[in-house]
Amino acid sequence: MNEHTTDRKVFRTSQLEQADGEGTNKTDNRTMGEIIAARFSRRDFLRGSMAATAIAATVSPMALMAAGEAKAQGAGTRFDFTEVEAGVDATHHVAEGYDADVLLRWGDAIFPDSPEFDPTAQTAEGQARQFGYNNDYVGFIPLEEGSSEHGLLVVNHEYTNEHLMFPGIVTVEGDELKVADADQARVDIEMAAHGGTIVEIRKVDGKWQVVTDGANNRRITATTEMELTGPAAGHDRLKTSADATGTKVLGTINNCAGGVTPWGTYIMAEENFHGYFMGELPDGHAEAANYERYGVPEGSYAWGNFHDRFDVSKEPNEPNRFGWIVEVDAMDPNSTPKKRTALGRFKHEGAESIVNKDGRVVFYLGDDERFDYVYKFVTAGTYDESDRAANMDLLDEGTLYVARFEEDGTVAWLPLVHGEGPLTAENGFESQADVLIETRRAADLLEPTKMDRPEDIQPNATNGRVYVMLTNNTKREEANAANPRVDNKFGHIIEIAEADGDFAATTGTWEVLLQCGDPSIAEVGATFSTETTKNGWFGMPDNCAVDADGRLWVSTDGNSPKATGRTDGLWAVDTDGEARGTSKLFFRVPVGAEMCGPLMLPDMQTAFVAVQHPGDGGEDWEGFGRPSYYEDPSTRWPDFDDALPVRPSVVVITKQGGGRIA
């Protein structure tokens, strides 16, 4: 059999997900590190564990006010659970007094006729009727108005790990891993395992169950027919030999975080699409500069060997049909998903939204790559709560903005509108379609702030702020005594307050809520509060959620014994009052996994989390010092059956005996 050799520690698809490249942003636009350093260079910035509120409450007028009010009331942390002990082992752990039950695993039935999961006899047809791989975003759409006990669970399936999915394809020879080259059948299974799942669930006697005969149950894959809509739809740069209209595309890939709109549709965000393309563009091709800015082709997957559309030498326009926000009407299993081009094309982490006070809907968007940008989209039309149908095309018209964070603590939202500023024909933008197809290059010209991997961005209706997860940036080299995080391994969280509480505003203010990492190591410069225990700090913030009480929950991606001495997990973070900057560990994942989701239902009695790629990684995991693959994984979570591989899963958390998650 043909083989390819890979790094002993990291497999090919894992390398794609880690986004550890140099980044493709070659502009001189200022980085967030430089902005932070300049802003606080005049302040007495304390490092280490004594920096309890540095760059948090002590320098923020809005935080000072909140802290003063809370202190007068004697308020402390808003979280009352007993903290989990941080660590690393083969299973998951949840706070004392709570149950964490596996609800859905890769390969589980979604329909009454779904085949039984058999990892040794997988087929594309079977996988298309089963729960997909690497669950990431989790959302909930009630089937009864206001219900937190019966609804549709919507889940993104970001990517596949071939070495954990398929038996017999990995061999280890000395310090080298050899992975058998993919064949047509394996590729088609991978394509069917991508996309998303819509499945009915119901709470019965305090426990959640999957309803396999639910009328709205659906699998969306890399071959599901979709429609391109909005300003770029039909443009010549979106046309291929299979689609002369530039409006039809097969499938969605690498769906990371996402969202549920106020009108109850499901948002899938296409992220690292560049890894699915291979081949070389013809010499002098018009898309060369565009693709270089997106890292296309990267070639982590071999799909182009069997499907011409993933080979840019054969279909040079196909990459322009990915990297969009996809909207799905989950209430209609026969509906055509729509790629909404008005929200721009980049490596979307997610698209969380909020209804503004004037009725327009605002979506916050992160471009998850080192040195790329934070965006928001404001609809032109307004949300009609009484007429769902009237909202169904709101995402086709509006204004996309990119953020510039100033060192005086203000943020400016810069419109990406054709004909304004440098976005003209002289710079290669003939229309708004060009601006959106090349969102990154268009944004570069507006000189926004280069960020450290902007991932999930969550607006908070309770306190009017917006939380930006910045996972890390190990390539940042700017040194400054006031900003010791030259090599930003651990990431940070930024808090935005839009002007006058108007989420559609073009200005606002910003603060650093947290600089992450171990606060006991002074040179790390972490800024957790002194009330944060040895279990409560974390690195690499990734996804987040705001619950019905306005509390912030943060999940992570990249914690390991080598990096932080612990696995990824879900942390509760205080954002207000005297407890601001305090963090507590609520749930942690098994070895090798990433923590995705999370989702708290409105009644506060159920939380969903997605455990992605359990068992991935290798020698970095102390105590598991070997490559981890199908036959020899570092864990067999969640089944712990020697006949079954490790399986990404959605876990549902409830309080024992019922009640709110405290």
Side-chain angles (χ1 to χ4, degrees), residues 46-58 63 67 70 75-89 92-98 100 456 467 469-472 485 489-495 512-547 549-561 563-589 593-595 597-598 600 607 609 653 661-662:
L46 302 177
R47 302 183 186 183
S49 61
M50 294 306 294
T53 51
I55 314 185
T58 58
T77 179
R78 300 175 67 188
F79 300 95
D80 195 36
F81 60 85
T82 301
E83 191 169 37
V84 173
E85 183 177 354
V88 182
D89 61 29
H92 66 266
H93 299 265
V94 70
E96 182 181 348
Y98 292 86
D456 232 0
Y467 295 95
M469 303 296 112
L470 297 159
T471 295
N472 58 20
R485 302 161 73 86
K489 294 183 177 71
F490 307 110
H492 53 291
I493 300 173
I494 285 179
E495 178 185 71
V512 178
L513 172 66
L514 281 176
Q515 288 197 147
C516 303
D518 187 348
S520 71
I521 303 174
E523 57 266 28
V524 168
T527 61
F528 292 95
S529 84
T530 52
E531 298 302 309
T532 300
T533 73
K534 65 179 182 180
N535 299 309
W537 63 266
F538 58 84
M540 302 82 170
D542 187 336
N543 298 132
C544 64
V546 172
D547 66 26
D549 287 347
R551 304 181 304 175
L552 180 65
W553 300 81
V554 175
S555 64
T556 62
D557 174 17
N559 291 265
S560 71
T564 60
R566 57 198 58 204
T567 63
D568 286 319
L570 179 64
W571 278 264
V573 178
D574 280 290
T575 59
D576 298 287
E578 60 186 8
R580 180 177 166 92
T582 302
S583 175
K584 294 176 67 175
L585 178 57
F586 181 67
F587 177 91
R588 69 174 168 94
V589 299
E594 172 187 347
M595 181 82 275
M600 189 80 69
V609 292
I653 301 171
I661 294 175

Handout entry: Minimal non-hydrogen separation, Ala579 against Gly76, with atom names
Key = CB-C, 3.6 Å
Practice task
Could you grab the distance from atom CG of Leu470 to atom CD1 of Ile494, nearest 0.5 Å is fine?
Solution key: 5.0 Å
Fill in the blank from the handout: NE2 (His492) and CG (Leu514) are apart, to the nearest 0.5 Å, by 10.5 Å
Problem - For Ala607 against Met600, the heavy-atom pair lying closest together - result: CB-SD, 3.9 Å
Handout entry: Separation between CG of Asp557 and CD of Glu594, rounded to the nearest 0.5 Å
Key = 3.5 Å
Problem - Contacts of type salt bridge (charged side-chain N to carboxylate O under 4.0 Å, His left out), residue Arg551, not counting sequence neighbours - result: Asp547
Practice task
Could you check whether the rings of Trp553 and Phe79 sit parallel, tilted or perpendicular, using 30° and 60° as the cut-offs?
Solution key: perpendicular
Problem - Taking every non-hydrogen atom, the tightest pair across Ile653 and Ala100 - result: CG1-CB, 4.2 Å
Exercise for the section: Answer yes or no: is there a donor N or O on one side and an acceptor on the other, between the side chain of His93 and the main chain of Val84, under 3.5 Å? Expected result: no
Exercise for the section: Compare every heavy atom of Tyr98 with every heavy atom of Val94, then report the nearest pair and how far apart it is. Expected result: CG1-O, 3.3 Å
Practice task
Can you measure from CZ (Arg566) to OG1 (Thr556) and round to the nearest 0.5 angstrom?
Solution key: 10.0 Å
Problem - Short side-chain to backbone donor-acceptor contact, Thr527 and Gln515, under 3.5 Å - result: yes
Exercise for the section: Return yes if some donor-acceptor pair links the side-chain N/O of Lys489 with the main-chain N/O of Ala563 below 3.5 Å, else return no. Expected result: no
Exercise for the section: Taking the side chain as every heavy atom from C-beta outward, state whether Asp549 and Arg78 have any atom pair closer than 4.5 Å. Expected result: yes
Handout entry: Under 3.5 Å: donor-acceptor pair, side chain of Asn543, backbone of Pro598
Key = no
Exercise for the section: Decide whether Asp574 and Thr582 meet the rule of one side-chain donor and one side-chain acceptor closer than 3.5 Å. Expected result: no
Handout entry: Enclosure of Asp80 CG (heavy-atom neighbours >12, cutoff 6.0 Å)
Key = no
Exercise for the section: Write down the atom of Phe81, the atom of Leu585, and the distance for their closest heavy-atom approach. Expected result: CE1-O, 3.4 Å
Handout entry: Residue from Cys544, Ser555, Ser583, Pro541 passing side chain to side chain contact (heavy atoms under 4.5 Å, CB included) with Trp571
Key = Ser583
Exercise for the section: Report yes or no: does Glu495 contribute a side-chain atom to a donor-acceptor pair with the main-chain N or O of Leu513 at less than 3.5 Å? Expected result: no
Handout entry: Nearest-0.5 Å distance that lies between atom CG in Asn535 and atom CZ in Phe586
Key = 14.5 Å
Problem - Side-chain heavy-atom pair Thr575, Tyr467 within 4.5 angstrom cut-off - result: yes
Practice task
Provide the closest heavy-atom pair for Phe528 versus Gly536 in the form atom of the first, atom of the second, distance.
Solution key: CE2-O, 4.4 Å
Handout entry: Under 3.5 Å donor-acceptor, Thr471 side chain and Gly491 backbone
Key = no
Exercise for the section: State, without any angle test, whether Thr533 and Glu83 hold a side-chain donor-acceptor pair at a distance under 3.5 Å. Expected result: yes
Practice task
Look up atom CZ in Phe538 and atom CG in Asn559, then write down how far apart they are to the nearest 0.5 Å.
Solution key: 9.0 Å
